[in-house]
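All values reported here derive from a predicted model rather than from experimental measurement. Starting from 1, each residue takes its place in the sequence as its number. Scope of the values below: all heavy atoms of this structure, side chains included, with no hydrogens, waters or symmetry mates.
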Amino acid sequence: MSTPDSSSFLTMLPTLTSPTPGVPAAGLNATSCLEWEQAHHMLFHLGNLSLLLGLLIPTTLGLHMIALRLLLMTGCSLFIAWATLYRCNLDVMVWNVVFLVVNFMHLFFLLYKRRPIKIDRELRSVYKRMFEPLHVQEALFQRLTGQFCTIQTLKKGQAYAAEDKTSVDERLSILLKGKMKVSYRGHFLHNIYTNSFIDSLEFRSTEMHRGEKFQVTIVAEENCKFLCWSRERLTYFLESDTFLNEVFKYLIGKDITNKLYSLNDPTLSDKAVKKMDRQPSLCSQLSMMQMRNSMASTSDTDDVLNQILRGGSAGSSLPVTAS
């Protein structure tokens, strides 16, 4: 039986022993930090500091998402400069380029959402007077007025609606310019002024009863311009937006109240009616959460309103018959 040569055995010893004194050979495969590297360049630390500041931004800050994206982009840019100029590390540079592009796309989207909305000059007065006090955003108002409504005109003496002839199911309108007169069988009832609904009474009183006709005649006393919605499409749109639906309920209810008030007090002058319409409402001073809570019981409100409408129409006919 042959024995291994002593010289070959000695040549194997360097591979079995540890090159580092005091460290066993079995420990060479394990991860261990024998010597710490020196600190990285200042760009590396500035990049990490930028990421830290971005994560510390409170969500209560109005522009916190935009600030977060800006700080993340700053950190990625510093990492790219550090990896390219001082480490020559391709994978670190490539990954940070990817992060930079993703954050830039998010930032662009956030800035696009906050872009200024240009409302048509003819509609700005309506927005400022009726919708802005109720915290309706310009983008939402543009959606409301930009898809299924038109701006129409009437010359002096032309009729918007004729009693017992014009259907109430077709439209809902807001007067933008001019003045209209409402009459019943030739007897004057009240006027309609700028930034008021033209047919709010008919819109609310016939929500559950379609196919009815106007009971009054509405004629333009001046050259008029009005914003007109298709009733069917507007109703469908409001059903998909609960917030805007509550806003419309309030605006229409306020308009009906003003009309009934001017109807029951025909001695009011035009200036008095306009001043009454411009007075700040309680709802415009409350938060929208309070407004929604106040409108939670819509069924009771509608019942009371229908009774008022029936009583108001009956009351308005008394002075007509008396004359």
Asks: Could you tell me which non-hydrogen atom of Asp169 sits nearest to which non-hydrogen atom of Glu212, and how far apart they are?
Replies: OD2-N, 4.2 Å
Asks: Can Phe141 be reached from Tyr236 by stepping across I, L, V, M, F, W or Y side chains whose heavy atoms are under 4.5 Å apart?
Replies: no
Asks: If every non-hydrogen atom of Thr194 is compared with every non-hydrogen atom of Gly178, which pair is closest and at what distance?
Replies: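 In this case the closest contact between Thr194 and Gly178 is OG1-O, 3.5 Å.
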Asks: So do Ser125 and Leu176 actually touch side chain to side chain, heavy atoms under 4.5 Å?
Replies: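 Of all side-chain heavy-atom pairs linking Ser125 with Leu176, none is under 4.5 Å.
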Asks: By the definition side chain to side chain contact (heavy atoms under 4.5 Å, CB included), identify the one residue from Ile252, Ile174, Thr257 that meets it with Ser200.
Replies: Ile252
Asks: If the plane angle is over 60° it's perpendicular, under 30° parallel, otherwise tilted; pick one for Trp229 and Phe248.
Replies: perpendicular
Asks: Might you work through the side-chain contact (heavy atoms from CB on, under 4.5 Å) test for Leu244 and Phe237, ending with a clear yes or no?
Replies: CA-CA 9 Å; Leu244 200 57; Phe237 178 78; 3.4 Å; yes
Asks: How long is the gap from CG on Asp241 to CG on Leu140, to the nearest 0.5 Å?
Replies: 5.5 Å
Asks: If you take all heavy atoms of Leu154 and Ala220, which pair is closest and at what distance?
Replies: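 Heavy atoms of Leu154 and Ala220 come nearest at CB-CB, 4.2 Å.
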Asks: CG of Leu111 to CZ of Phe109: how many Å apart, nearest 0.5 Å?
Replies: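 The distance works out to 11.0 Å.
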Asks: With rounding to the nearest 0.5 angstrom, report the CG to CZ distance, Leu70 to Phe104.
Replies: 10.5 Å
Asks: Just wondering, more than 12 heavy atoms not from Arg124 lying within 6.0 Å of its CZ?
Replies: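 Buried by this count: over 12 neighbours within 6.0 Å.
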Asks: side-chain contact (heavy atoms from CB on, under 4.5 Å) for Leu144 and Phe131? Distances and angles first, verdict last.
Replies: CA-CA 11 Å; Leu144 176 67; Phe131 291 90; 3.9 Å; yes
Asks: Can you confirm whether Val216 sits close enough to Glu202 that some side-chain heavy atom of one is under 4.5 Å from a side-chain heavy atom of the other?
Replies: yes
Asks: For Arg114 and Ile66, work out which heavy atoms get closest and say how close.
Replies: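 Looking at all heavy atoms of both residues, the closest pair is CD-CD1, 3.5 Å.
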Asks: So, Arg69 side chain and Met105 main chain: donor-acceptor pair closer than 3.5 Å or not?
Replies: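 Between the backbone of Met105 and the side chain of Arg69 there is no qualifying donor-acceptor contact (under 3.5 Å).
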Asks: So for atom CD, which belongs to Glu232, do other residues, nucleotides or ligands contribute more than 12 heavy atoms lying within a distance under 6.0 Å?
Replies: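 Incorrect, the count does not exceed 12.
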Asks: Phe226 and Met180: side-chain contact (heavy atoms from CB on, under 4.5 Å), yes or no, with the steps?
Replies: CA-CA 11 Å; Phe226 58 92; Met180 292 184 174; 4.2 Å; yes
Asks: If we only count heavy atoms from C-beta on, is the Val219 to Ser183 side-chain gap below 4.5 Å?
Replies: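 Heavy-atom side-chain distance check fails, nothing below 4.5 Å.
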Asks: Do Leu110 and Leu63 belong together in a cluster built from hydrophobic side chains that touch within less than 4.5 Å?
Replies: yes
Asks: Heavy-atom distance under 4.5 Å between the side chains of Arg231 and Leu172, does that happen here?
Replies: no
Asks: Given the rule in the side-chain contact (heavy atoms from CB on, under 4.5 Å) test, do Ile151 and Leu123 qualify, once you have shown the distances and angles that lead to the verdict?
Replies: CA-CA 9 Å; Ile151 296 178; Leu123 302 179; 4.1 Å; yes
Asks: Membership question, hydrophobic clusters at under 4.5 Å side-chain separation (ILVMFWY): are Val97 and Leu90 in the same one?
Replies: yes
Asks: Compare every heavy atom of Leu78 with every heavy atom of Gly47, then report the nearest pair and how far apart it is.
Replies: N-CD1, 3.5 Å
Asks: Are Lys177 and Glu222 side-chain neighbours, meaning at least one heavy-atom pair lies under 4.5 Å?
Replies: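 Answer no - side chains too far apart.
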Asks: Classify the angle between the aromatic ring planes of Trp82 and His40 as parallel (below 30°), tilted (30 to 60°) or perpendicular (above 60°).
Replies: perpendicular
Asks: Can you list, pair by pair, the side-chain donor-acceptor contacts under 3.5 Å of residues 155-163, counting residues two or more places apart and other chains?
Replies:
from: Gln158; atom 1: OE1; to: Lys155; atom 2: N; distance (Å): 2.8
from: Tyr160; atom 1: OH; to: Arg171; atom 2: NE; distance (Å): 3.4
from: Tyr160; atom 1: OH; to: Ser173; atom 2: OG; distance (Å): 2.8
from: Tyr160; atom 1: OH; to: Asp199; atom 2: OD2; distance (Å): 2.7
from: Glu163; atom 1: OE2; to: Arg185; atom 2: N; distance (Å): 3.0
from: Glu163; atom 1: OE2; to: Thr217; atom 2: OG1; distance (Å): 3.2

Asks: Measuring from atom CG of Asp255 to atom OH of Tyr250, what distance do you get when rounded to the nearest 0.5 angstrom?
Replies: 11.0 Å
Asks: If you define the side chain from C-beta out and look only at heavy atoms, does anything of Glu221 sit under 4.5 Å from Asn191?
Replies: yes
Asks: Test your reading of the model: is there a side-chain donor-acceptor pair from Thr153 to the backbone of Lys225, 3.5 Å cut-off?
Replies: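 Side chain of Thr153 to backbone of Lys225: no pair is present.
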Asks: Rounded at 0.5 Å granularity, tell me how far CD1 in Ile119 sits from NZ in Lys128.
Replies: 7.5 Å
Asks: Hey, does Val126 have a side-chain heavy atom less than 4.5 Å from the side chain of Thr145?
Replies: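 Not touching, per the 4.5 Å side-chain cut-off.
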Asks: Do Leu107 and Ile80 belong together in a cluster built from hydrophobic side chains that touch within less than 4.5 Å?
Replies: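 As far as the 4.5 Å side-chain criterion goes, Ile80 and Leu107 are connected within one cluster.
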Asks: Working to the nearest 0.5 angstrom, can you tell me the gap between Phe203 CZ and Ile198 CD1?
Replies: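 That separation rounds to 14.0 Å.
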Asks: Does the side chain of Phe197 reach to within under 4.5 Å of the side chain of Ile256, using non-hydrogen atoms?
Replies: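 No - every pair of side-chain heavy atoms lies 4.5 Å or more apart.
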Asks: Check Arg129 against Asn195 and note the closest heavy-atom contact, atom names and distance.
Replies: NH1-ND2, 3.7 Å
Asks: Taking the six-membered ring of Tyr112, is the NZ or CZ of Arg115 close enough (under 6.0 Å from the centre) and on axis enough (within 45°)?
Replies: yes
Asks: Return yes if some donor-acceptor pair links the side-chain N/O of Tyr127 with the main-chain N/O of Gln142 below 3.5 Å, else return no.
Replies: no
Asks: Any link between Tyr86 and Met42 through a network of hydrophobic side chains (Ile, Leu, Val, Met, Phe, Trp, Tyr) touching at under 4.5 Å?
Replies: yes
